[in-house]
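Working notes, beginning with the structure itself.
For clarity, every value in this text was computed on a predicted model and none was experimentally measured. So that the names make sense, note that chain A is the first sequence line, chain B the second, and so on, each numbered from 1.
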Amino acid sequence: MKRIILSVSVVITFIILFSSCYYDNEEALYPELNQTCDTTNVTFNGTIVPLLSDYCYSCHSNATAATAGNNIRLEDYADVVSNAVMIRGSIKHTGSYSPMPKNGGMLKACQISQFDAWVSKGMLNN
Amino acid sequence: MKHLLLPVVFIMFTAGLFAQDDTGNTRNNSRKKDIEFTTETFESTRILNGHSIERLDPGQLDFRISHRFGTLNSGAYNFFGLDQSNIHLSLEYGITKWLMAGVGRGNYEKTFDGFTKFSVLRQSKGARVMPVSVSVVTSAAMSTLKWTDPSRTNYFSSRLSYVGQLLIARKFGDFLSLQVTPSYVHRNLVATELDPNDLYSIGVGGRIKLTSMISLNAEYYYLLNPTKYMSQKVYNPLSIGVDIYTGGHTFQLFFTNSQAMIEKGFIGETTGSWAKGDIRFGFNISRIFILHYPK
């Protein structure tokens with residue numbers, strides 16, 4: 001009897017779990033993300049700082065870097081410039097750089113190309 | 001409709017197997033003593049990353065602590081990965097002789113997970129000869145990462161993923177055990193249209209017993225979906241290591257190219273490659289507490 005109750009409950013749990021299956025992908029679910037990637041109007045204050053602030057400052061702000069961020073600061077313009085090669089390796093998961101953001105997925109391809117664009121234009125403080 | 005079909009077929013399939021096992025048990029009650037069930041096909045409930053055919057005995061509580069460190073190729077500055085660590089903690093319990101369940105939390109995508117593992121067939125000889133043991137694992141995982149974009153409409157379902165695995169194992173004498181693990185992973189939300197929501201894979205794993213305390217384990221999952229067009233390059237996870245068994249503790253020390261410790265992560269999201277040196281040191285520590293002895 002105990003065995004029957006248990007097998008029924010296992011099957012029910014299974015049905016409940018699978019009844020909430022969805023087949024979503026971010027492109028179809030959020031069509032506004034499909035806008036073409038703007039890599040021409042990339043500026044430090046308009047593009048790079050918001051990106052860093054969304055994904056990096058929880059560990060790499062001036063306040064948190066010493067404890068959480070391996071002392072790598074990404075808040076001031078000069079710090080970002082001197083770390084740019086490392087940031088590029090980290091967000092692209094290439095080379096021997098520690099992949100970032102830590103414990104999360106890679107940044108969107110557009111965000112990475114925007115960072116690339118800013119670097120290749122000479123890392124202007126604009 | 002297509003979404004419903006698979007679980008229904010799956011349940012019918014497992015229900016059929018259940019029935020078989022059941023009649024076998026009741027009808028052969030008098031002969032049950034003559035059936036010699038195979039035990040200790042594997043040392044632990046995991047081969048290395050993935051589940052093994054082993055279950056906990058009823059009344060046993062298993063506290064598992066698992067770590068995967070950073071990659072070896074991150075260099076001496078990061079102490080070859082040991083400066084960075086991913087952790088997974090879980091509590092698992094044997095409910096009956098054929099059913100166990102567990103809950104866990106890992107820092108990979110800040111995920112909570114739960115699973116059940118139940119036995120369908122047991123390898124045996126004597127009055128009933130059964131060449132293999134078969135178990136089923138079902139699990140669900142919920143990521144609790146902050147939404148990357150809180151301004152858009154985010155759905156709770158997007159956090160969930162599910163796994164179904166059929167474990168088929170055979171112990172070839174005391175020396176060698178092998179397991180084949182067809183697996184199904186469903187992710188409710190993926191990044192792009194090119195990423196499949198359903199992943200199918202076949203795992204193979206094995207153990208070679210070296211001494212009474214130490215065995216050599218290896219495990220590999222082959223992803224059947226073509227990976228070429230996925231938005232992120234994924235590799236098949238390969239893990240090689242040793243089990244060290246010391247009474248109530250089992251230590252598993254190994255090298256792997258996957259970061260995650262749940263099926264959804266190591267089957268579908270292994271971005272490290274052995275060839276490129278993205279190899280991580282990992283360990284699982286399992287401590288078993290006996291809460292009550294089986295009646």
### Polar contact flag, side-chain donor to acceptor under 3.5 angstrom, Tyr23(A)-Asp198(B)
yes
### Query
Side-chain contact, heavy-atom cut-off 4.5 Å: Leu29(A) with Tyr155(B)?
yes
### Task
State whether the number of non-hydrogen atoms from other residues, nucleotides or ligands found under 6.0 Å of Lys146(B) atom NZ is greater than 12.
no
### Task
List in chain and number order the residues that pass salt bridge (Lys or Arg N to Asp or Glu O under 4.0 Å) with Lys92(A), two or more places apart in sequence or in another chain; answer none if no residue qualifies.
Asp116(A)
### Message
Is there a side-chain contact between Tyr97(A) and Asn78(B) in this structure, where contact means two heavy atoms from C-beta onward sitting under 4.5 Å apart?
### Response
no
### Query
Are Glu26(A) and Val190(B) close enough that some pair of their side-chain heavy atoms sits under 4.5 Å apart?
no
### chain B contact residues among residues 61-84 of chain A, heavy-atom distance under 4.5 Å
Asn70(A)
### Task
Could you tell me which of Leu145(B), Leu160(B), Asp195(B), Asn107(B) has the largest number of non-hydrogen atom pairs under 4.5 Å with chain A?
Asn107(B)
### Task
Determine yes or no for a side-chain-to-main-chain donor-acceptor pair under 3.5 angstrom, with His186(B) supplying the side chain and Tyr22(A) the backbone.
yes
### Query
Using non-hydrogen atoms only, which part of Glu269(B) is less than 4.5 Å away from chain A: side chain, backbone, both, or neither?
neither
### Query
In Å, rounded to the nearest 0.5 Å, how long is the span from SG of Cys21(A) to CZ of Arg187(B)?
12.5 Å
### Summary
Bottom line for Gln232(B): the part with an atom under 4.5 Å from chain A's heavy atoms is side chain
### Message
If you count heavy atoms of other groups shown closer than 6.0 angstrom to NZ of Lys121(A), is the number above 12?
### Response
yes
### Task
Heavy-atom distances under 4.5 Å only: say whether Thr192(B) touches chain A with side chain, backbone, both or neither.
both
### Query
Using non-hydrogen atoms only, which part of Leu189(B) is less than 4.5 Å away from chain A: side chain, backbone, both, or neither?
both
### Query
Do Asp24(A) and Asn188(B) come within less than 4.5 Å of each other through their side chains, counting heavy atoms only?
no
